[in-house]
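Everything on this sheet refers to the single structure shown next.
Residue numbering restarts at 1 for every chain, and letters A, B, ... go by the order of the sequence lines.
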2 protein chains.
Amino acid sequence: MRKLDKSAGKRGFGEPVLTRQRKVVLDVVQSGDTHPTAGEVFAAARKMMPAISFATVYNSLRYLKQAGLVREVAFGNGASRYDRETDRHDHAICSECGTLVDFDLPGTVELIRAAARASRFKAESIHLTLVGLCPQCRAPK
Amino acid sequence: MRKLDKSAGKRGFGEPVLTRQRKVVLDVVQSGDTHPTAGEVFAAARKMMPAISFATVYNSLRYLKQAGLVREVAFGNGASRYDRETDRHDHAICSECGTLVDFDLPGTVELIRAAARASRFKAESIHLTLVGLCPQCRAPK
DNA sequence: CTATAAATTTAGAATTAGTATAATTCTAAC
DNA sequence: GTTAGAATTATACTAATTCTAAATTTATAG
């Protein structure tokens with residue numbers, strides 16, 4: 001009786017696993033500093049696995065999100081973007097060119113506590129987004 | 001020669017103004033504590049102005065947003081929601097029931113400064129969203 | 001007063017994003 | 001090899017939002 005392991009390619013009975021397609025989707029999101037949309041993830045995933053379908057990319061992103069492996073970043077415009085989930089971090093969006101970058105804010109443990117207190121919610125996570133001008137756009141050239 | 005004033009209903013040459021339709025949309029967003037979607041705003045606006053079109057609601061929301069009178073709140077799921085822009089404040093979303101509430105976090109002036117420093121962006125605004133369990137959902141009843 | 005110009009509104013088409021469905025495929029357990 | 005259950009695929013569908021072109025509105029210029 002073989003023990004179930006969670007490596008890529010194993011499916012079937014029991015708990016859900018990191019399948020080949022999910023692995024591909026995860027690799028796409030984790031490689032590179034971009035924050036791709038689902039459509040961009042699909043295009044990149046196709047290069048590694050031409051048969052993968054659009055629906056699977058969405059399903060995989062949802063799975064990876066709830067598994068805590070990727071994060072969804074949504075702002076009002078267009079499509080959601082996906083970000084590798086390494087450590088807790090924050091986002092800055094350029095109001096001029098739309099660039100999205102990660103940054104780390106110290107003292108977020110205290111921040112999350114303060115936010116929980118102010119909102120009376122039991123905090124699970126906190127997301128901080130700064131809107132402003134990126135270094136490129138703030139320097140008129 | 002009459003001087004242009006910016007009261008509702010005046011259009012034409014020169015700068016854009018708060019038209020009647022935009023005023024209706026603004027009123028809808030400002031009345032009530034809900035955070036309506038564009039569709040909900042449309043439904044409510046229709047009661048005040050039956051001829052208003054869907055596109056105008058979207059256009060108005062975009063205008064009001066960039067004018068700083070309403071705020072768009074987007075999370076990954078479904079439609080964007082709109083919030084009156086009174087003072088700077090933050091949002092908490094219940095991961096269980098989807099409730100969205102406003103709350104105020106003290107010390108955000110320093111926070112925005114720290115975020116600008118960490119991101120190297122010129123800050124315009126900062127948005128903090130807490131995901132967690134609302135008071136109702138955290139109390140199993 | 002009349003003509004003009006610029007922005008806005010309207011209605012509906014078009015686009016985009018994301019979800020649902022049903023059939024098929026895959027893999028581990030037996 | 002058969003079976004069971006989850007995952008994948010392809011496609012259809014729904015919902016959200018933007019675009020387009022024509023008509024409207026109204027402040028200014030003539």
Side-chain angles (χ1 to χ4, degrees), chain A residues 1-26 35-43 45-46 48-67 70 72-82 98, chain B residues 1-26 35-43 45-46 48-67 70 72-82 98:
Chain A
M1 189 227 231
R2 200 128 47 88
K3 197 70 179 55
L4 178 114
D5 79 5
K6 296 192 169 80
S7 59
K10 299 291 172 50
R11 266 173 295 177
F13 207 56
E15 56 260 73
V17 289
L18 194 59
T19 61
R20 275 184 309 122
Q21 346 338 53
R22 288 173 182 175
K23 185 71 167 52
V24 166
V25 169
L26 181 60
H35 295 77
T37 61
E40 289 164 354
V41 172
F42 175 59
R46 269 210 144 157
M48 307 174 76
M49 182 185 274
I52 199 170
S53 79
F54 213 88
T56 297
V57 170
Y58 270 102
N59 289 340
S60 297
L61 287 170
R62 192 175 335 142
Y63 168 80
L64 293 168
K65 187 172 78 168
Q66 66 86 25
V70 308
E72 183 175 4
V73 188
F75 17 105
N77 45 335
S80 287
R81 295 179 167 277
Y82 292 86
Chain B
M1 188 228 234
R2 198 127 48 88
K3 198 70 179 54
L4 178 114
D5 81 3
K6 296 190 171 82
S7 60
K10 301 290 173 50
R11 269 172 294 178
F13 207 56
E15 55 260 72
V17 288
L18 194 60
T19 60
R20 275 185 309 124
Q21 322 20 24
R22 287 172 182 174
K23 185 70 169 52
V24 166
V25 169
L26 180 59
H35 296 77
T37 61
E40 289 163 355
V41 172
F42 175 59
R46 269 210 145 159
M48 308 174 77
M49 182 186 275
I52 199 169
S53 79
F54 214 92
T56 297
V57 170
Y58 270 104
N59 289 340
S60 298
L61 287 170
R62 193 176 334 142
Y63 168 81
L64 293 169
K65 186 173 79 169
Q66 67 86 27
V70 307
E72 184 176 4
V73 187
F75 19 105
N77 45 334
S80 286
R81 295 178 167 277
Y82 293 87

Inset, instruction - Measure the distance from CZ on A/R81 to C1' on C/dA17 and round it to the nearest whole Å. - result: 13 Å
Inset, instruction - Round to a whole Å and report the spacing from CD of B/Q21 to P of C/dA7. - result: 17 Å
Inset, instruction - Whole angstrom is fine here: how far is it from CG in B/L61 over to C1' in D/dA16? - result: 13 Å
Legend entry - Minimum-distance pair of heavy atoms, taken over all atoms of B/Y82 and B/T37: CD1-C, 4.4 Å
Legend entry - With A/E72 via side-chain hydrogen bond (donor to acceptor under 3.5 Å, both in side chains) - residues at least two apart: A/K65, A/S80
Inset, instruction - Starting at NZ of A/K23, measure out to CE of A/M48 and round the result to the nearest 0.5 Å. - result: 7.5 Å
Inset, instruction - Would you kindly give the CZ-to-P distance between B/F42 and C/dT9, to the nearest whole Å? - result: 14 Å
Inset, instruction - Identify, with sequence neighbours excluded, every residue that meets ring-ring contact (aromatic ring centres under 6.0 Å, His included) alongside B/F54. - result: B/F42, B/Y58
Inset, instruction - Send over the distance from B/K23 NZ to D/dT25 C1', rounded to a whole Å. - result: 19 Å
Inset, instruction - Round to the nearest Å and state the distance from B/K65 atom NZ to D/dT17 atom C1'. - result: 12 Å
Inset, instruction - Using only side-chain N and O atoms of B/T19, determine if any of them is under 4.0 Å from OP1 or OP2 of C/dT9. - result: yes
Output one line per pair: protein atom, nucleotide atom from nucleotides 18-20 of chain C, and distance, for all N/O pairs under 3.5 Å.
residue : atom : partner : partner atom : Å
C/dG18  : OP1  : A/S80   : N            : 3.3
C/dG18  : OP2  : A/Y58   : OH           : 2.7
C/dG18  : O5'  : A/Y58   : OH           : 3.4

Legend entry - Atom pair OH/OG1 of A/Y63 and A/T19 - distance to nearest 0.5 Å: 8.0 Å
Inset, instruction - Give a yes/no answer on whether the side chain of A/S53 brings an N or O atom under 4.0 Å of OP1 or OP2 in D/dT8. - result: no
Inset, instruction - Could you tell me which residues satisfy side chain to side chain contact (heavy atoms under 4.5 Å, CB included) with B/T56, sequence neighbours excluded, listed by chain and number? - result: B/Q21, B/I52, B/S53, B/S60
Inset, instruction - Please state how far atom CE in A/M49 lies from atom P in D/dT8, giving the value in whole angstrom units. - result: 9 Å
Legend entry - Distance test, side-chain N/O of A/R20 to OP1/OP2 of D/dT8, below 4.0 Å: no
